[in-house]
Each structure stands twice: as structure tokens, then as C-alpha cells.
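Reminder, nothing fancy here: chain letters follow the sequence lines and each chain counts from 1. These figures come from a predicted structure and were not determined experimentally.
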There are 2 protein chains.
Amino acid sequence: MDINKYKSHDRILVAVDCIIFGFDGQQLKALLIKRGFEPERGKWSLMGGFVSKDESTDEAAARVLHQLTGMHNIYMEQLHCFSHVNRDTAGRVISVAYFALINIADYSEQLQLEHEARWFPLNKTPELVFDHGDMVALAKERLRQKVSNHPIGFELLPEKFTLPSLQNLYEAIYEEPLDKRNFTRKILSLGILNKLDEKEKETSRKGAFYYIFDKGKYSKLHQEGVKFI
Amino acid sequence: MDINKYKSHDRILVAVDCIIFGFDGQQLKALLIKRGFEPERGKWSLMGGFVSKDESTDEAAARVLHQLTGMHNIYMEQLHCFSHVNRDTAGRVISVAYFALINIADYSEQLQLEHEARWFPLNKTPELVFDHGDMVALAKERLRQKVSNHPIGFELLPEKFTLPSLQNLYEAIYEEPLDKRNFTRKILSLGILNKLDEKEKETSRKGAFYYIFDKGKYSKLHQEGVKFI
DNA sequence: CCAAAAGTGTTAGTCCTACACCCATGT
DNA sequence: ACATGGGTGTAGGACTAACACTTTTGG
């Protein structure tokens, strides 16, 4: 390594910030934390961290996600690099935003307390520090777009889920109601779901059948993409 | 500004690299330069530059594009942040890649010589330094995706263009032939083109009518997006 | 027996795709 | 007159969108 070649150039602090989406069966939510350090201590913020010189931004984002959730192998995607000169009031920091999808039920209450984290419905997010509000808005848009061509919605659900809950998820993402019959037909026609014999009976008297997805076909569509919903 | 708050963290060199697309009427091309400095001097590379502490990455990319082309207000979009620890052999550099669309005819021969730049057909690009090959591949994919929902293809064409040349462009981007009648019908149905009385007679005896696009409707679709081709 | 959510088909309209011939012109 | 690329319409199939009633079961 010969960093001397570049030594006349500015070196800049680089951070990652994570928009963590979750779904509680009804609403799409984002996990936010109360900032524990200056500047802007005590304000709501995305979970983030600085990128060290021996890790990539992907690695930094995975590290930050692990810190906050205790989970590994979280579905995560780079969103955008935010770099306006004065975006951070305490100095020049470039931030690479990532969005992540987790099953809200897997998220540890324990860590939630430690980090003073809270799930906010996406239409009721508090004011956020810096440009984090822009990040959330962009992530929402990107999720909508992504979900229409790739079956990543399942990342937000538990292993076993019902068709009505899957439909609720899509309605929450698109922020518009979908037709139950059309939805069911389209999803099932993709052939990535396996019906179980078991019913979920919490939310209705009749009960709704559980489904799981077929790993093989799922991951194929995952890569290739299809017109989804 | 109180940078002290963050002083214990690593500061990193940040660069931008630009994938500059052009279209010569037949082929989709990328503008590449012979690297004029170490490391990897003399190898083919994307045009890039370091981000200084008082500019955003967008500003840096626009600056770099201007340096190479002499043009202002180039259509440009952030692609992805590339950050693998060893991506640059001479030190830790994070690079934010941008793709840009220009009308190849506007590009100054003069600057081409100064920078030892050359247009390469996209399927015949030479080996590139570092991860620039990945950047080009990703940009190609992103262009294809973007162009299917947004009328940005026109950025690659001169003000007056013919329907056959527009079709050639789309065929070059998608790397597959399109049906002439279906293409014409779909494009014209968007109502963003105005037919001129004038014909282009270089490429055929009969001559093809020139079109220009209707700024108003064009920019509306530009923002909103539509199913395009 | 009633309330509440689950499950299930059909039809009309729209959009997409495939396909072939005549036209205008320069040589 | 002919070679070259430009311009134009139609029909079948696929997909989408709109729509309402029956089933199950806990209380």
C-alpha cells in the first residue's frame, strides 16, 4: 500500500446510517434510536456509525445492524450516499445510507432498551437529525420499487405467515388497498409458496392457513426479478 | 463546526468515478481515459477525481464531468458507493460512482486529446483499473432499468433526431431488436414528441423525419416516470 | 344466531406481441 | 429500374382490474 501517492487530497469522515424496516402484521415501521452522543444528543435518529479504515461500507452497515439488533445476515441494501457539505452540524461527514428488512418479532427487547430504540409507524416518524428524514423518505420509495420486482417482502415476515398478513404488508408498503382475490391469485401463481395444514387463529374465528415459501424458487426469483405485485 | 466531537474516527479518501455514456447513432459507448498518474498509469480507466472537504460528491462528479467534456448541466445520477478495502491498490479510497449521459456530438475533440480519452463500444471495453469494470457493468444495468421507466434516453441524442435513430438507441441499450411498428406506436402515444417538417437524408434515400421532444410533457414524465418501452 | 375475517371465479377491457407490404428517393 | 431504408394497421393472446357471495367458527 502506498498511500503517499494520494497524500495531497482531503480525507473525510465516512459514516453509514441504516433505515431498518419492520412489519408488525398491520403497519410498516422503522426502528429509530435516541441519539446518545453530541451533537443532537437526545434527538431521534437512524442507527449509524463511522466506517473505519479497514472495513467496507457494507461491513460497517452489517456491524451497525448487528449492534442494534443482535441479528446476523440481515437483508440489507445500499441506498444512496449523502454528502452535502453541511449535512452533519458537527463536521464534514459523508454518509452512506442502507436499508434493511427484519422480522420485527426477532428483534430483542433487551437491545431495544439499551439503545433507547423505538419502532415508529412510517407515517408517524418524529423529526430526525440532519438529513435522516430524507434518507427515510428515499428508502420508502426504494422499498416500494424493489418490492414490485423482487420477492423481498418475506424478509419482513416470520417464517410462517398467512396470505392476509402478506397482503397487509403489501398494502402498507404501497399505501393503498389491494384486491384480495387478485392478490391471492398473483402470489400463488408465482409458485413460491407452500401451504401448511396449520391455521393462524389469533386474528379471526375462521383462521387463516399458514404458508412458508419455497426456498429454491424463491431465491431464483430473488436474483432474476419478476413483475411481482 | 466542531469536528472535535468526531476526532477519534478514521478519515478516508473519497473519490468519484464517472461512467459517461454516449451514442453515435448506432452503438452505445462509454468514454474512458488513459490514466495519467500512478498507480496504474497508462491503463484505461473511468474519469474520476477526489472529493474535497468543501464539496459534495454530486459537485465533485459535476466538476469531473466538466473537466473532461467542457460541458455543463450534464445529466448525471449517483450509481453506487464502492468501498472494498483493497479496491484501490495504492491506498484506502472509497469511490462513489456516477453515470452520465451526453450527446456524443457535443463532446470536444480538443479535450479528448488532452485527456487521452476514447469512446469504446460497451461490448468492447478494454480491461479497466481497480473495480471500474464492475462500475461499468452496474451502470449498464441501471441505465437499462432507468430507461424503461423514464424518458432519459433523449439525453444521449442531439436535439433533432429521427425515430429510427431513437429505436437504434433503445436497441443498443437493451441489446435486443425491437419491432419498428410497436416502437413507433408506443413512443408517439406518449405525446412527448413533435414532428418537424425537415428530413434527415444522410442515412437513407427516402429520408426520415426529424422529431424534437415537447419540453413540458417530457419533464413531467421525467419526474413521475411511466412504463416507457 | 350473529359478527368477523377467510376464501374463492368470472368478465370486460386494456395492453402487448407478432407480423408484411407499400412508399419515397438517389443512383 | 432497383436498391435502401422509412413508414404504416390489424388481430390474437396475455394480463389486469373490477366485482360479491359463501364459509367457518367463537362468542
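- Across the protein-nucleic acid pair, B:Ile187 atom CD1 and D:dT8 atom P stand 15 Å apart, rounded to whole Å.
- Put simply, CZ on B:Phe183 is 19 Å from P on C:dC15, counting in whole angstrom units.
- Residue contacts for A:Thr162: at a heavy-atom cut-off of 4.0 Å it reaches no nucleic acid atom on any strand shown.
- Judged by closest nucleotide on DNA chain C, A:Gly207 is the one of A:Gly207 and A:Arg181 placed further toward the 5' end.
- Side-chain N or O atoms of A:Glu40 include none that pairs as donor or acceptor with a backbone N or O of A:Arg35 at under 3.5 Å.
- Residue A:Lys146 comes nearest to A:Ile152 through the heavy atom pair CG-CD1, 3.3 Å, listed as atom of the first residue, atom of the second, then distance.
- A straight line from NZ of B:Lys199 to P of C:dA24 spans 8 Å, rounded to a whole angstrom.
- Between B:Phe228 atom CZ and C:dC16 atom C1' there is a gap of 17 Å when expressed in whole angstrom units.
- With the nearest nucleotide of DNA chain D identified for both B:Pro164 and B:Asp179, B:Pro164 has the one nearer the 5' end.
- Rounded to whole Å, the distance from CD on A:Glu200 to P on D:dT24 is 18 Å.
- Each of B:Leu166, B:Ile212, B:Asn168 was checked for a side chain to side chain contact (heavy atoms under 4.5 Å, CB included) with B:Leu157, and the lone residue meeting it is B:Leu166.
- Spacing between atom CZ of A:Arg205 and atom P of C:dG7 amounts to 16 Å, rounded to whole angstrom units.
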Q: Report, as a single string ordered 5' to 3', how protein heavy atoms within less than 4.0 Å touch nucleotides 11-16 of chain D: B base, S sugar-phosphate only, - not at all.
A: ------
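- When each of B:Thr184 and A:Lys201 is assigned the nucleotide of DNA chain D bearing its nearest heavy atom, the one mapping closer to the 5' terminus is B:Thr184.
- By the 30° and 60° cut-offs, the orientation of the rings of B:Tyr218 relative to B:Phe154 is perpendicular.
- One interatomic measurement links the two molecules: CZ of A:Phe209 to C1' of C:dA6, which rounds to 10 Å at whole-angstrom precision.
- Atom P of nucleotide C:dG13 and atom CG of A:Asn182 are separated by 17 Å, given to the nearest angstrom.
- Aromatic pair B:Phe82/B:His84: centroids not less than 6.0 angstrom apart.
- For C:dA24, the base has no donor-acceptor partner in the side chain of B:Lys206 [N/O atoms by modelled type, under 3.5 angstrom].
- In this structure, B:His222 has its ring center no closer than 6.0 Å to that of B:His150.
- A salt bridge links B:Glu175 to B:Arg144: one of the charged nitrogens lies within less than 4.0 Å of a carboxylate oxygen.
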